[in-house]
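Order of the sequence lines sets the chain letters (A, B, ...), proteins ahead of strands, with each chain counted from 1.
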Protein chains: 2
Amino acid sequence: MVVYKYLSHGVGRMNMNGKQRVTMKDIAQHTGYSINTVSQVLRGIYPSGPTCDKVLAAAKELGYIGNSIASSMRLGSTKTIAIIQSDISNPYFGRLIRNFVNILSERGYTATIYNTDNVLSHERAAVISAIRQNVDGILFGPDDIHSGESVEFLYNSRIPFVVFANDVSNPNISSVRIDEVKGGFLATRHLISQGCRNIVMATAPKGILSAQLRLEGYRQALEKSSLPYRNANILSVPSVFASQGGHRRAWKEVCAQLAQLPFDGIVAFSDQVALKLLQGLREQGFERIAIDQIPIVGFDNILEAFPLPLPLSSIGCAGEDIAHASPRLLLEMIEKGEDFAPQKLVLDVKVYKRQ
Amino acid sequence: MVVYKYLSHGVGRMNMNGKQRVTMKDIAQHTGYSINTVSQVLRGIYPSGPTCDKVLAAAKELGYIGNSIASSMRLGSTKTIAIIQSDISNPYFGRLIRNFVNILSERGYTATIYNTDNVLSHERAAVISAIRQNVDGILFGPDDIHSGESVEFLYNSRIPFVVFANDVSNPNISSVRIDEVKGGFLATRHLISQGCRNIVMATAPKGILSAQLRLEGYRQALEKSSLPYRNANILSVPSVFASQGGHRRAWKEVCAQLAQLPFDGIVAFSDQVALKLLQGLREQGFERIAIDQIPIVGFDNILEAFPLPLPLSSIGCAGEDIAHASPRLLLEMIEKGEDFAPQKLVLDVKVYKRQ
DNA sequence: GTGAAAGCGCTAACAT
DNA sequence: ATGTTAGCGCTTTCAC
């Protein structure tokens, strides 16, 4: 019997310098037991005893490390989750992903990561790649603009997935987001309670669901305090994507526009937006209010993990946050299979105040 | 012939709702060709013609998506790279990882991500998991404190890997880092040229190689300008790890200490450290210099991707950066195999000035 | 308690 | 040009 008949062309058992990787077969040959026995021992479904000891000793001696690929193949589960996100360099999402990875790891899963840069073709490629890799589930953080296609594709492919930090209209798709309206409301009310009467809302383009909802909260808060809603106070800001440096001019214009307004407080679509605005104002020599005295509230509470010498208050989760709820929901979905009923989690928020 | 003999217990061909995933076998049955023919067509190594057309049409009709796991198994290569890093929520590393992922993706690789939180047991687990998953290579960003063990283990396991943003003494291990000494030198010289004469160096613990080297650069710059090196001006700061909130008191003390010093400029171990110091000073009501007027230089140039209303100058790469050099080096290593000679890249730096 | 053998989906060698 | 077959490393059934 020619055992390594294909060694000449198959790289399978070789590593870089030609040393073969140790397999169960090697342990079997070394100990004289069958591959099956070795497998059972290594998985701990074997009564302890001399056999067990010998096999484990051989495994240790030979430096055996299992091959997940092979067991995945047989078992049909890879214990891998794909995380698909538009910009993982964004500190807010960085923190999110770190928590995803840690939580998944605790539960025995590894994470594959895709960065779409908010480009549809990348998003498509990521989704296909994830399916091709047989991931057990997907954490999907899409941008609103073209979220529909990929989400529907995923839905039709029947792979378990959760949309995070966003939502889609299809009621059968599970998602996790914050209470955006309440967030907009609390942010605005916080500024009002500080004495602000002329509050600018720096919102994202209308296509973005969370922007719409936060703006609605802003409107409600003004109304409740009988303050006028002024169109001039609604500023639509460009993307904060690191990749899109082309937006520099657009940002400059927005900041110039802001500098002209007689505002006394700002609600920003996100902490990132807030910081960009403050930076823009500083760059333009804005002095009516000292930069680090401007009453401003953002979203995402990134200063919790990333302290800055600025009084940037922020809307963040009050209880369980997206970082924890999303993988929890996904894993539940994977474990329950068909018995899982879709859930749309809307997480409670509060103001994290900073002076 | 019982084809699906194991369907009852193997989940392999099933997905969530019991619908089986389409395989080449299905396409073969659908078209009447053999699996081999299908495989060849799908891989494009088949002359175009009627066969080709029919197979591709069937693949499209059935919604075929390949199974990377299966081909990996056969080919011995997973086209996957593991990224192992201590804290991916750190904005600097977030940006790095985003670039890694994008570059790898362009080259046909996917990325698996591990976050060690700077805990040795997590680091060990990540390394083992990566090997178990048969990744083709590893991008390893270790913390100095216990980098030795994992790095040596990786080295002995013969898996291609590159140490990034750090270095180890073993000359056979490839690594990518910035010119730390020059960075420390330029940062200090920049402040001196601004008129600073009493420059604090906020460095990390001695165990960290880059801290040692940056401090050496600081020393050299002072010497060159005939300025005294004062021990009182060397501040050792705690970790900035998001996970380690326990360091809060230590940070407070360091900032209090700093506030007492008659400094007129600061070199910080990283931009993160710089920001924490400024925040600490602000919290303590420091007023001798306005917070946003303090001459300060950090490392990593995170403001490039993450604008802030602060005059934080920073040391960053002058040419090719770590984000690009590391995956480039790793992929070269993977492709060349045994022919690859270890390289230790030390990237040139410059000051990114901000006022 | 232990072993033999099938098979997960795919690719490569070989045969026609 | 197309089919047959072995085998990647593992898990599971089934038989002893």
Side-chain angles (χ1 to χ4, degrees), chain A residues 1-15 20-29 31-55 59 64-79 132-134, chain B residues 1-15 20-29 31-55 59 64-79 132-134:
Chain A
M1 188 172 117
V2 184
V3 174
Y4 293 136
K5 191 176 173 192
Y6 288 101
L7 257 192
S8 54
H9 58 270
V11 195
R13 291 174 53 81
M14 319 265 288
N15 62 18
Q20 287 164 26
R21 182 153 158 181
V22 178
T23 71
M24 287 188 180
K25 186 175 198 164
D26 299 316
I27 300 181
Q29 283 172 350
T31 56
Y33 288 106
S34 73
I35 295 181
N36 176 34
T37 303
V38 172
S39 171
Q40 306 221 54
V41 170
L42 290 177
R43 277 175 300 142
I45 48 175
Y46 212 83
S48 57
T51 307
C52 214
D53 297 341
K54 273 187 269 182
V55 169
Y64 174 78
I65 295 180
N67 184 335
S68 312
I69 290 288
S71 35
S72 292
M73 179 106 186
R74 181 67 233 249
L75 294 171
S77 157
T78 51
K79 287 284 184 183
R132 206 187 291 282
Q133 306 255 12
N134 265 3
Chain B
M1 187 171 114
V2 184
V3 175
Y4 293 137
K5 193 177 171 191
Y6 288 102
L7 255 193
S8 54
H9 58 271
V11 195
R13 291 176 52 83
M14 320 265 285
N15 63 17
Q20 288 164 26
R21 183 155 159 180
V22 178
T23 70
M24 287 188 180
K25 185 174 197 166
D26 298 316
I27 301 181
Q29 283 172 351
T31 56
Y33 290 106
S34 74
I35 295 180
N36 177 35
T37 304
V38 173
S39 172
Q40 306 220 55
V41 170
L42 291 177
R43 277 175 300 141
I45 47 175
Y46 212 85
S48 57
T51 307
C52 214
D53 297 342
K54 273 187 268 180
V55 169
Y64 173 78
I65 295 180
N67 184 335
S68 312
I69 289 289
S71 36
S72 292
M73 180 105 190
R74 181 67 235 249
L75 295 172
S77 158
T78 52
K79 287 284 184 182
R132 205 188 292 282
Q133 306 254 12
N134 265 6

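- A side-chain donor from one of Asn134(A) and Arg21(B) sits under 3.5 Å from a side-chain acceptor of the other.
- Distances were taken from every side-chain heavy atom of Ser71(B) (C-beta onward) to each of dT11(D), dC10(C), dG1(C); the shortest belongs to dC10(C).
- Whole-Å rounding puts the Arg43(B) CZ to dC10(C) P distance at 11 Å.
- Across dG9(C), dA4(C), dA12(C), the shortest atom-to-atom separation from the side chain of Leu75(B) is found for dA12(C).
- Atom CZ in Arg21(A) sits about 12 Å away from atom C1' in dC8(D), given to the nearest Å.
- For Ile35(B), the side-chain contact (heavy atoms from CB on, under 4.5 Å) partners two or more places apart in sequence, or in a different chain, are Met24(B), Lys25(B), Ala28(B).
- Counting non-hydrogen atoms under 4.0 angstrom, Ser72(A) reaches nothing in the nucleic acid.
- Taking atom NZ of Lys54(A) as the reference point, atom P of dG1(C) lies 15 Å away to the nearest angstrom.
- Direction of the helix axis in the helix from dG1(C)-dC16(D) to dT16(C)-dA1(D) shifts by 40° between the two five-pair termini, rounded to 10°.
- Taking the nucleotide of DNA chain D with the nearest heavy atom to each of Ala70(B) and Cys52(B), the more 5' of the two is matched to Cys52(B).
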> Going through the distances and angles, do Thr37(A) and Thr31(A) end up as a side chain to side chain contact (heavy atoms under 4.5 Å, CB included)?
Replying inline: CA-CA 10 Å; Thr37(A) 303; Thr31(A) 56; over 6 Å; no
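- Out of dG7(D), dT11(D), dG3(C), the shortest distance to the side chain of Arg74(B) is found at dG7(D).
- For Tyr33(B), the side-chain hydrogen bond (donor to acceptor under 3.5 Å, both in side chains) test picks out Thr51(B), Lys54(B), with sequence neighbours left out.
- For the pair Gln40(B) CD and dG9(C) P, the interatomic distance rounds to 20 Å; values are reported in whole Å.
- The side-chain hydrogen bond (donor to acceptor under 3.5 Å, both in side chains) check on Arg43(B) picks up Ser39(B), with sequence neighbours excluded.
- Listed candidates were dT11(C), dT11(D), dG9(C). Nearest to the side chain of Asn67(B) is dG9(C).
- Counting only heavy atoms from C-beta outward, the side chains of Thr78(A) and Ile69(B) approach each other to under 4.5 Å.
- Look at Tyr64(B) and you won't find any side-chain N or O under 4.0 angstrom from OP1 or OP2 of dG9(C).
- At a cut-off of 3.5 angstrom, the base of dT4(D) holds at least one donor-acceptor pair with the side chain of Asn36(B).
- Taking only side-chain nitrogens and oxygens, Thr37(B) comes nearer than 4.0 Å to OP1 or OP2 of dG3(D).
- For the pair Gln133(A) CD and dC10(C) C1', the interatomic distance rounds to 15 Å; values are reported in whole Å.
- Scored by the side-chain contact (heavy atoms from CB on, under 4.5 Å) test, Asn36(A) finds Ser34(A), Gln40(A) as partners (sequence neighbours excluded).
- One can place NZ of Lys25(A) at 12 Å from P of dA4(C), the figure rounded to the nearest angstrom.
- Across all strands shown, Ser39(A) has heavy atoms under 4.0 Å from base atoms, whether or not it also approaches the sugar-phosphate.
- In this structure, Ser71(B) has no side-chain hydrogen bond (donor to acceptor under 3.5 Å, both in side chains) partners at least two apart in sequence or on a different chain.
- We find that CE of Met73(B) is positioned 6 Å from C1' of dC10(D), with the value rounded to whole Å.
- Rounded to an integer number of Å, the gap from Tyr33(B) OH to dG3(D) P is 8 Å.
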